[in-house]
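Below is one structure; the comments refer to it alone.
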Amino acid sequence: MDSRLEAVYVEVMRRNPGEPEFQQAVLDVFESLGPVLDRHPEYTEAAVLERLCEPERQIIFRVPWVDDSGRIQINRGFRVEFNSALGPYKGGLRFHPSVNVGIVKFLGFEQVFKNSLTGMPIGGGKGGSDFDPRGRSDGEVMRFCQSFMTELYRHIGEHTDVPAGDIGVGRREIGYLFGQYKRITNRYESGVLTGKGVTWGGSLVRTEATGYGTVLFIEEMLRTRGLTIDGKRVIVSGSGNVATYAIAKVHQLGGRVVACSDSSGYVVDESGIDLNLLRDVKEVERSRISAYADRRESARFVPDGSIWDVGAEVALPCATQNELDESQALSLVRGGLLAVAEGANMPTTPAAVRVLGKAGVLFGPGKAANAGGVATSALEMQQNASRDAWTENYTEQRLTEIMVAIHQRCVETADEYGQPGNYVSGANIAGFVKVADAVLALGVI
Ligand code: NDP
Ligand code: 2IT
């Protein structure tokens, strides 16, 4: 690493011990920035890197609630408002037992550059809780969300900080959170949260946007090699919001998804994942993925091992961080892999990214490939600000244009900095330069 970057990196490590995911996310960006600092000494001069690695504000709070048996439960809530040089803090809330401040910081840090890359006026933030929604009744989830918002409401607002969903937070949770915000503030402030239901201020296509966008992005990448996803064999990990609509878009474009997963294992279905059945099992019943295989003859459930061993031409990791490691990448490469796009945030380990690079596999990093979700959140904010609601066709058209533009930005930036075809550098540099210029312009604040 460049010595100017190294000095900042060492200091970031020292100040943020015990946060391996945050450290990994910072390293990933820093490894792309050497050529940028050569061209822009003013960034080093003005300590832009140091400023971008320190969140503007970090909020940690107690979330007390009462479960169905009358017992008091205590969780921890987080909101890391990372950078607001380009617009209000924007980013999802994650409810999962693994959530801690380091995870939220990694996600918030990534969000800053992703949001910059979309070209929309949004800063970066992230939040969540170690609350585990699994096995909880609707009433418990509602009471938890109400308690969470009873503290969070004072920190957010349509011009301040605009949360949305992430793992464990979907339409149901956003509804309870929005309801409590509305009640406390006595304001119907639609733009304070995105991912709302379409009858109460949500945007059409927001639910589908991340998964759709990821597939639109990989289609653009494949196009650079004269290929398309039509007829390709595809693996999608996860079976939540992002995975579901990635599968839907792959099928619309003529590809065949032969495997998907949840945290209990994976299913292989050589005749192509049946999306209606998957949604019944995961979305409607909130059941485990083995129930899919129980009801479909062509499918089998595999409780252990790796989904990536199934083999495919296209792999879309859409579950969680560090879910595709070096040996799994090698296995995918041996199976004839052509392209990977990250629907999840940081799902591919650094060693796995190197394996894919060496093998000449197209690799679309999450900052670019999954940016369609937050970009459509920004479209939801636009609709809320103008008290308008766009049609499905128009909104999907906007999403498509945004994904094509992000792809173009990555390709042109990688070319400009002498690393053609390197989407990691392209995304990191393009995302960084825009936010760095704004940080400089706004002075020392
Ligand atoms: P969901 O909660 O809807 O789905 C998450 C899926 O991933 C589930 O299948 C879940 O399995 C699985 N999963 C979660 N954690 C783990 C884990 N530790 N180990 C194994 N499997 C796990 O979340 P989303 O689909 O919204 O999010 C998926 C990824 O996409 C995350 O990385 C998120 O940050 C990223 N993302 C989401 C966006 C959005 O708009 N929602 C936008 C951009 C990125 P199980 O059901 O067993 O828990
Ligand atoms: O990681 C992400 O980009 C998201 N979870 C979506 C954030 C948003 O504000 O829509």
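As the structure lists them, so they are numbered: ligands from 1, and atoms in each ligand from 1.
Considering backbone and side-chain atoms alike, Val162 places every N or O at 3.5 Å or more from each N or O of ligand 2. Checked by distance only, ligand 2 and Lys114 come closer than 3.5 Å through their nitrogen or oxygen atoms. Between Gly165 and ligand 1, no N or O atom pair is found at a separation short of 3.5 Å. Considering both main-chain and side-chain atoms, Gln321 never comes within under 3.5 Å of ligand 1 through any nitrogen or oxygen pair. Residue Gly238 has no nitrogen or oxygen atom sitting less than 3.5 Å from a nitrogen or oxygen atom of ligand 1, judged on distance alone. An N or O contact shorter than 3.5 Å links Lys282 to ligand 1 by distance.
Remark: distances from the non-hydrogen atoms of Arg94 to ligand 1 include one below 4.0 Å. Residue contacts with ligand 2 leave out Ala371, since none of its heavy atoms falls under 4.0 Å from the ligand. For Gly343, the heavy-atom gap to ligand 1 drops under 4.0 angstrom. Ligand 2 lies less than 4.0 angstrom from a heavy atom belonging to Arg206. The shortest separation from a heavy atom of Cys318 to ligand 1 is under 4.0 Å, placing the residue in contact. Under the 4.0 angstrom criterion for non-hydrogen atoms, Gly170 is not in contact with ligand 1.
If you number the atoms of ligand 1 from 1 as listed, the ones under 4.0 Å from a heavy atom of Ser261 come out as 9 (O). Heavy-atom contacts of Asn345 reach the following atoms of ligand 1: 32 (O), 33 (C), 34 (O), 35 (C), 36 (N), 44 (C) (cutoff under 4.0 Å). Those atoms of ligand 2 with a heavy atom of Gly91 less than 4.0 angstrom away are 7 (C), 9 (O). Contact atoms of ligand 1 toward Arg288: 46 (O), 47 (O) (distance under 4.0 Å to a heavy atom of the residue). Ligand 1 places these atoms under 4.0 Å from at least one heavy atom of Asp166: 26 (O), 33 (C), 34 (O), 36 (N), 37 (C). Atoms of ligand 1 found under 4.0 Å from any heavy atom of Arg134, numbered from 1 in the order shown, are 45 (P), 47 (O), 48 (O). Each of the atoms 9 (O) of ligand 1 lies under 4.0 Å from some heavy atom of Ser239. Proximity to Gly92 (heavy-atom distance under 4.0 Å) selects the following atoms of ligand 2: 7 (C). Every atom of ligand 2 with a heavy atom of Ser377 under 4.0 Å away is listed here by number and element: 8 (C), 9 (O), 10 (O). Distances below 4.0 Å separate heavy atoms of Ala164 from the following atoms of ligand 2: 8 (C), 9 (O), 10 (O).
In this structure, the protein non-hydrogen atom closest to atom 31 (C) of ligand 1 is Ala319 O, 3.3 Å. At the top of the distance list for atom 6 (C) of ligand 1, counting protein heavy atoms only, stands Gly240 N, 4.0 Å. For atom 18 (N) of ligand 1, the closest non-hydrogen atom on the protein side is Thr320 CG2, 3.8 Å. For atom 45 (P) of ligand 1, the closest heavy atom belonging to the protein is Ser263 OG, 3.6 Å. Of the protein's heavy atoms, Thr210 OG1, 3.5 Å lies nearest to atom 39 (C) of ligand 1. In this structure, atom 3 (O) of ligand 1 lies nearest to the protein heavy atom Asn241 N, 2.8 Å. In this structure, the protein non-hydrogen atom closest to atom 9 (O) of ligand 2 is Lys90 NZ, 2.7 Å. Considering only non-hydrogen protein atoms, atom 2 (O) of ligand 1 sits nearest to Gly168 N, 2.9 Å. From the protein, the heavy atom lying nearest to atom 14 (C) of ligand 1 is Ile167 CD1, 4.0 Å.
Taking 4.5 Å as the limit, some side-chain heavy atom of Phe113 sits within range of a side-chain heavy atom of Phe432.
Residue Thr210 does not touch ligand 2, judged by heavy-atom distances below 4.0 Å. Residue His96 touches ligand 1 through its side chain alone, judged by heavy-atom distances below 4.0 Å. With a 4.0 Å cut-off on non-hydrogen atoms, Lys126 touches ligand 2 through its side chain and not its backbone. Heavy atoms of Arg206 found under 4.0 angstrom from ligand 1 belong exclusively to the side chain.
Between the side chains of Ser271 and Arg256, no donor N or O sits under 3.5 Å from an acceptor N or O. Side-chain atoms of Asp67 and Ser69 form a donor-acceptor pair, as typed in the model, at a separation below 3.5 Å. Gln397 and Glu401 share a donor-acceptor pair across their side chains, judged by distance under 3.5 Å alone. The closest side-chain donor-acceptor pair between Lys249 and Thr214, if any, does not fall under 3.5 angstrom. Remark: the Glu189 side chain and the Tyr181 side chain contain an N/O donor-acceptor pair separated by less than 3.5 Å. Between the side chains of Glu270 and Ser298, no donor N or O sits under 3.5 Å from an acceptor N or O. Defined by atom type and a distance below 3.5 Å, a donor-acceptor pair is missing between the side-chain atoms of Thr244 and Arg279. A side-chain N or O of Asp309 and one of Ser331 form a donor-acceptor pair less than 3.5 Å apart. Using modelled atom types, one finds a donor on one side chain and an acceptor on the other under 3.5 Å when comparing Asp68 with Ser137. Tyr176 and Arg172 are not linked by any side-chain donor-acceptor pair at a separation below 3.5 angstrom, with hydrogens and angles left out of the test.
Relative orientation of the Tyr245 and Tyr212 rings is perpendicular, given thresholds of 30° and 60° on the angle between their planes.
Taking both residues in full, the closest heavy atoms of Asp130 and Arg76 are given as OD1-N, 3.0 Å, listed atom of the first, atom of the second, then distance.
Using a 4.0 Å cut-off between charged nitrogen and carboxylate oxygen, Arg354 and Glu31 do not count as a salt-bridge pair. The residues Lys367 and Asp28 are annotated as salt-bridged, a charged nitrogen and a carboxylate oxygen being separated by less than 4.0 angstrom. With salt bridges taken as basic N to acidic carboxylate O contacts below 4.0 Å, none links Lys114 and Glu110.
In this structure, atom 10 (C) of ligand 1 has its sub-4.0 angstrom surroundings free of protein heavy atoms.
Counting non-hydrogen atoms of other residues, nucleotides and ligands closer than 6.0 Å to CZ of Arg300 gives a total of 12 or fewer.
Between Tyr188 and Phe178, the distance from one ring center to the other falls under 6.0 angstrom. The aromatic ring centres of Phe148 and Phe131 sit 6.0 Å or more apart.
A donor-acceptor contact shorter than 3.5 Å links the side chain of Asn370 to the backbone of Gly343.
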